[in-house]
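The structure appears right after this line, and notes come after that.
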Number of protein chains: 2
Amino acid sequence: MAVTIQDVARAAGVSASTVSRALSSPEMVRPETRMRVRAVAESLGYRPNPAARGLITGRTTNLGVIVPDLTNPFFPSMLRGLQARAREAGHAVFLADCEEDGAAEAALVHAMAKQVDGVILCSSRMTPAMLEKVLGLVPMVFLNRVVPGHPSVIMDGAGGMRQTIDHLAALGHRHIAYLNGPRDSWSNRERAKGLRRAERHRIKVSRFGPFAPRFESGLQAADLVLASGATAVIAYNDVMALGVLARLAERGVPVPGRISVAGFDNITFAAMATPALTTVDLGGERAGRAAVDTLLAVLADRDADAPRQVLDSALIVRASTGPAPDAGPDRPNPGGTQGEA
Amino acid sequence: MAVTIQDVARAAGVSASTVSRALSSPEMVRPETRMRVRAVAESLGYRPNPAARGLITGRTTNLGVIVPDLTNPFFPSMLRGLQARAREAGHAVFLADCEEDGAAEAALVHAMAKQVDGVILCSSRMTPAMLEKVLGLVPMVFLNRVVPGHPSVIMDGAGGMRQTIDHLAALGHRHIAYLNGPRDSWSNRERAKGLRRAERHRIKVSRFGPFAPRFESGLQAADLVLASGATAVIAYNDVMALGVLARLAERGVPVPGRISVAGFDNITFAAMATPALTTVDLGGERAGRAAVDTLLAVLADRDADAPRQVLDSALIVRASTGPAPDAGPDRPNPGGTQGEA
DNA sequence: AGCGACTTTGCAAACCTTTTCAACGACTAT
DNA sequence: ATAGTCGTTGAAAAGGTTTGCAAAGTCGCT
């Protein structure tokens, strides 16, 4: 049915080895023969069978990717960068969605192991014990999680948080709220670490949660934040922040007049909300590309020690954050903030 | 390095064939032997090499999926259903994003052909000429596009449009606008077909576009629609509709007081907008699952004739659509609409 | 006891490719 | 002229699995 290397060999009057060489090691075959073979291969529509090739070379030119939840809009942007870079490098991408389940994730690694040259684990949900069992199976790089001794590319959530706090401090806020994400989320811990920056500005921080990173959590949290007296709220991610925004709009609370709102991830809809949402862009596409590059580097030199790459994040200031309500529009040095602007 | 069937055979004191059978055709081997072999395989952590297996069986248990744009939030939901069903059926999923480019899509089909048992083409961007060249390569099913003689599952955009128009008619609207999607999009043509329903209600329809299906197009279109005097606007998709909503909010136009807005796709953020967006749910997850089922059916019986499955769509009425402004809140039989409610 | 049928197992071929090795001819350098 | 080198090619092995076929063993029946 499908055309094999033998068919090409017969049609070109050479051996299979010559066909193989004409296509993958062109310098090893006489130009004249090479041309003829290539022409025949082309005309027959021959494509090497990757499975057979992989069997002998031990390489598949496939990359595996596992994400925890495709419907979280943060991942598609990451995937896009990842996918594009992989294609540039001549690799196809195997994608699986583990649906936030670490055990499923481990099973997927097993399933993929033999069909890919390496796998990229995005925000892996595996416990250390689960990790232990799959670590040797196939080269892996971790995206958005550090696993000692293994290559990772991480996005600087803590740094993003610090930028956000500096931004709010400059706007005169003295009391802010943070809405925690899921309890055992690595990214949430990272982001929360950045909260320490508030001390430097003598800003009071009220923490709420943990919350599931969903729109509804934002609705719920908005009322809590309002009652707390904070004049700004930073949500674990944009989806929650949008929930906060929606609830505040419903209650007629002016944003950023009475309260400023910020999120994380810079998802597409952050820019589309009214008011447009101030958010931290963690550089998802860039991270996706970096993960592929890292994996390729590991593949090329397995003995190199595990690189850990940290990507800068950037605060995207939009309309949802503004001066603190008690800080008058242009009053210099309000309260005790030492004019950190 | 990796443990092969030979290793298991040696350790269990049987031949490789017996190991193979113990694992995949259990009834062919004596229970006692079967147990022992399975125990050994388990303890050694043996996993059959899918490439080697595929080479001989001709089946890979992989499915390929090509989508035009991962960052369009409609696709992830489809993918999710697809992915889940594929996993239930024991198939892994190869994903590729062709970035709205038909030629790239064709290349991806080629690249995937030998590594998958079949491929699902979501909203294929290939021209008929491109299609021609790849049709025989591998079993395919089309999602959201009909290709004569090939299996497809399609979502009923025209039906969704009819429901939307009936809905608006019932609310007393006499003049509506439609914002076209991309010029040669099959889905746009389908949706536009449903516009004929307006004749039955004696509703005037103004068409705008074609537009790229983006938020910015909605911003642009909103002003055009307002100037046209229409009291309701249906956008090609939710992303555009959200753009319309944003622009109208910016101009202080009450929605749905002055104008009603509706979209297509029921993306997550449609429900999160203010006002929440009325939209047509085309059943993406369901469609993803159906596509897998169809593909599996084709694979099981290649001679069966190409099924074409049409999925019902459902109008999700939310706050962005309301009574026409000139139709008073409860006035019966306004104008000449024959009271179609 | 002998025969046939069935069960259980192993051998070897097959899948398609890459790669090692050897062969062959031509050419160069001694 | 001869040995060595180089360039070009083919034969064959290898990679890990499944499967058709045959062999061996078991059982029941006549």
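Residue numbers begin at 1 in each chain, while the letters A, B, ... track the order of the sequences. Just the heavy atoms: all of them, side chains too, but no hydrogens, waters or symmetry mates, feed the values below.
Side chain of B:Ser185 to backbone of B:Asn188: a donor-acceptor contact under 3.5 angstrom is found. When atom types are taken as modelled, the side chain of B:Arg34 and the backbone of B:Pro26 share a donor-acceptor pair closer than 3.5 angstrom.
Distance CZ (B:Arg21) to C1' (C:dG10): 8 Å, rounded to an integer number of Å. The separation between B:Met28 atom CE and C:dG10 atom P is 13 Å, rounded to whole Å. Taking atom CD on B:Glu32 and atom P on C:dT9, their separation rounds to 8 Å, with Å as the unit.
Among the nucleotides D:dC21, C:dT19, C:dA12, the one closest to any side-chain atom of B:Ser17 is C:dA12. Side chain of A:Thr18, nearest nucleotide from D:dG20, C:dT18, D:dG10: D:dG10.
Contact between the side-chain N/O atoms of A:Thr33 and the OP1/OP2 oxygens of D:dT9 is found at a separation under 4.0 Å.
A donor and an acceptor atom never sit less than 3.5 Å apart when one is taken from the side chain of B:Arg30 and the other from the base of D:dG25.
Between A:Phe94 and B:Phe94, the two ring planes are parallel [angle under 30°; tilted spans 30° to 60°].
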Below 3.5 Å is the cut-off: list the nitrogen or oxygen pairs between protein and nucleotides 14-17 of chain C, distance only.
from: C:dT17; atom 1: OP1; to: A:Tyr46; atom 2: OH; distance (Å): 2.8
from: C:dT17; atom 1: OP1; to: A:Asn49; atom 2: N; distance (Å): 3.2
from: C:dT17; atom 1: OP2; to: A:Ile5; atom 2: N; distance (Å): 2.4
from: C:dT17; atom 1: O5'; to: A:Tyr46; atom 2: OH; distance (Å): 3.4

* Take B:Ser15 and B:Thr18, measure what side chain to side chain donor-acceptor pair (under 3.5 Å) needs, and give me the verdict at the end. => CA-CA 5 Å; B:Ser15 74; B:Thr18 304; 3.3 Å; yes
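Tested against B:Arg125 for a side-chain hydrogen bond (donor to acceptor under 3.5 Å, both in side chains), the candidates B:Glu99, B:Glu105, B:Glu100 yield a single pass: B:Glu100.
When each of B:Ser15 and A:Ser25 is assigned the nucleotide of DNA chain C bearing its nearest heavy atom, the one mapping closer to the 5' terminus is B:Ser15.
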